[in-house]
Amino acid sequence: MNKKVRVRFAPSPTGGLHLGGVRTVLFNYLFAKKHGGDFILRIEDTDQTRFVPGAEEYIFQTLEWCGLIPDESPKHGGPHAPYRQSERKAMYMQYAEQLVQAGYAYYAFDTPEELEAMRNDFKTAENPSPQYNQFIREKMRNSLTLGEEEVTRLISEGMPFVIRIKMPAGETVSFTDMIRGEVSFQTDQVDDKVLLKADGMPTYHLAVVVDDYLMKISHAFRGEEWLPSAPVHILLWKYLGWENEMPEWAHLPLILKPDGNGKLSKRDGDRLGFPVFAMDWTDPKTNETTIGFRERGFLPEAFVNLLAMLGWNDGTDQEIFTITELIEKFSMDRVHKGGAKFDYEKAKWYNHEWIKQSDATKLAPFVQQILAANNIDVTDSNILHHVIDLVKERCTLLSDFTAQSRFFFQSPTQIDIDAIKPKWDEKKNLFFTELIRAYELSTLWEASDLEKEFKELAAANQLKPGELMLPFRIMLVGGKFGPGVFDIAALIGKIETVARIKHTLGLLS
Ligand code: GLU
């Protein structure tokens with residue numbers, strides 16, 4: 001690669017970030033870091049009608065939570081500031097004018113009513129929504145149909161106009177996509193897109209090309225939904241005389257529903273019982289907060305890992321990758337052309353793997369926060385670390401730590417007596433009464449000591465330890481779950497262990 005690698009993620013702040021959007025961020029980021037390049041975040045807010053307050057902050061927070069920090073952005077600054085297109089408004093006009101002067105674009109004066117009339121007049125069964133294209137343009141009020149004098153007069157009178165690209169007739173526009181290979185479009189299929197709006201604001205099509213050029217973008221990676229716009233962009237690069245500077249393109253495959261072939265949407269997220277959005281977010285339209293991956297108890301590392309595997313692999317069976325490994329192994333040639341299926345069960349599997357392999361120090365802040373939110377006070381961080389090591393294998397989501405560790409910090413309020421009762425008898429009652437005494441006198445309180453005493457006492461009473469374990473577990477935990485019982489007893493201490501046995505014996509008598 002001869003050019004310095006500079007990639008960009010260019011979201012429009014129109015709502016929450018979709019899974020596919022965060023994956024686009026990730027692939028940009030990985031590519032930039034792998035090649036020692038820069039990752040730029042540019043806010044494409046030229047469509048003010050679709051602007052959603054808070055959406056930009058949401059994007060920053062998502063990137064931060066994922067650990068995918070841009071080198072240049074509206075927040076981080078950089079040599080090509082401003083990075084918000086609305087703040088760059090004044091820069092675009094000259095390029096639109098340059099295109100008009102060169103004959104690649106034209107002024108169009110059509111009013112909304114005239115455009116509406118055009119759509120009605122030219123509507124046919126085969127073409128229910130006619131576009132402003134090479135055929136229609138000849139019938140409309142623009143600088144191609146009106147005389148030069150008339151155009152000058154209209155402009156001097158302050159008649160509002162837009163600037164449209166003049167799509168050439170009968171040409172083929174081709175480019176090489178890093179994922180798809182050679183891609184071609186017939187210009188006849190593409191309409192004369194507006195480049196500059198009546199208020200002087202550029203549209204996405206003009207702004208994306210101008211900014212990718214001015215910001216020296218070397219590679220433009222974006223979702224497959226932008227592929228149909230590519231011919232317009234390629235022509236603009238050429239018409240503006242920047243063809244040699246054009247970035248290399250890659251259009252990333254869609255993310256599909258697990259059960260069908262369609263694209264995953266927010267509605268599917270809801271239908272499948274989970275939202276697609278990555279973070280909590282109050283939708284200003286509905287005033288609803290979406291629970292995202294973070295709130296569901298995903299670790300950022302697991303989320304990034306599972307995103308990377310949506311449409312990419314390193315050519316081996318390896319599925320668990322740290323960000324450092326992803327940076328090292330990532331390559332665009334291994335991104336699949338076909339859509340990647342998103343499976344929530346598989347997503348949880350990644351999280352479980354990550355929880356298992358993370359050490360207690362790393363998990364502690366997340367767990368402590370979740371426990372606090374569930375009114376479980378943790379004062380001793382050594383105990384918390386110990387608890388995490390004991391239960392993490394059993395936690396798929398971080399939220400599972402609540403049920404899996406509450407009994408270490410609080411006596412269970414519910415005891416599953418029904419699970420003990422059917423096999424309860426006087427012999428067992430006697431055993432536990434004696435166990436209380438033995439434990440009270442015990443000077444050693446390691447799990448192994450407790451187990452030894454328990455088993456010796458069982459043998460003395462001619463009982464099988466196996467039959468006593470379940471009642472003991474229920475006494476300490478409240479139900480049939482949790483790590484080793486002697487580990488639990490060792491950690492909660494003598495007073496609490498004895499009190500819990502006594503409490504259940506009371507319930508049983
Ligand atoms: N603003 C476009 C979006 O919202 C960016 C597309 C591109 O990266 O060119 O996705």
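Computed from a prediction, not measured in an experiment: that's the story for all the values here. Both counts, for ligands and for their atoms, begin at 1 and track the order of listing.
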Between ligand 1 and the protein, which N/O pairs are shorter than 3.5 Å?
{"from": "ligand 1", "atom 1": "1 (N)", "to": "Ala10", "atom 2": "O", "distance (Å)": "2.8"}
{"from": "ligand 1", "atom 1": "1 (N)", "to": "Ser12", "atom 2": "OG", "distance (Å)": "3.2"}
{"from": "ligand 1", "atom 1": "1 (N)", "to": "Glu44", "atom 2": "OE1", "distance (Å)": "2.6"}
{"from": "ligand 1", "atom 1": "4 (O)", "to": "Ser12", "atom 2": "N", "distance (Å)": "3.3"}
{"from": "ligand 1", "atom 1": "4 (O)", "to": "Ser12", "atom 2": "OG", "distance (Å)": "3.2"}
{"from": "ligand 1", "atom 1": "8 (O)", "to": "Arg8", "atom 2": "NH1", "distance (Å)": "2.7"}
{"from": "ligand 1", "atom 1": "8 (O)", "to": "Arg8", "atom 2": "NH2", "distance (Å)": "3.4"}
{"from": "ligand 1", "atom 1": "9 (O)", "to": "Arg8", "atom 2": "NH2", "distance (Å)": "3.0"}
{"from": "ligand 1", "atom 1": "9 (O)", "to": "Tyr204", "atom 2": "OH", "distance (Å)": "2.7"}
{"from": "ligand 1", "atom 1": "9 (O)", "to": "Arg222", "atom 2": "NH1", "distance (Å)": "3.0"}
{"from": "ligand 1", "atom 1": "10 (O)", "to": "Trp226", "atom 2": "NE1", "distance (Å)": "3.3"}

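Judged by distance alone, with hydrogens and angles left aside, the side-chain atoms of His205 form no donor-acceptor pair with the main-chain N or O of Ser229 at under 3.5 Å. Using a distance-only test at 3.5 Å, with no hydrogens or angles considered, no donor-acceptor pair links the side chain of Asp191 to the main chain of Asn133.
Two rings, from Phe27 and Phe221, have their centers 6.0 Å or more apart.
Annotation: side chain of Lys216 is not in contact with side chain of Lys4 (no heavy-atom distance under 4.5 Å).
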Practice problem: Please report the C-alpha distance between Asp110 and Met118 in whole Å, then the side-chain angles of each, then the deciding distance to 0.1 Å, and finally whether the side chain to side chain contact (heavy atoms under 4.5 Å, CB included) criterion is met. | Solution: CA-CA 10 Å; Asp110 318 277; Met118 176 275 278; over 6 Å; no
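For the pair Lys139 and Phe135, the cation-pi test (distance below 6.0 Å, angle within 45°) is failed.
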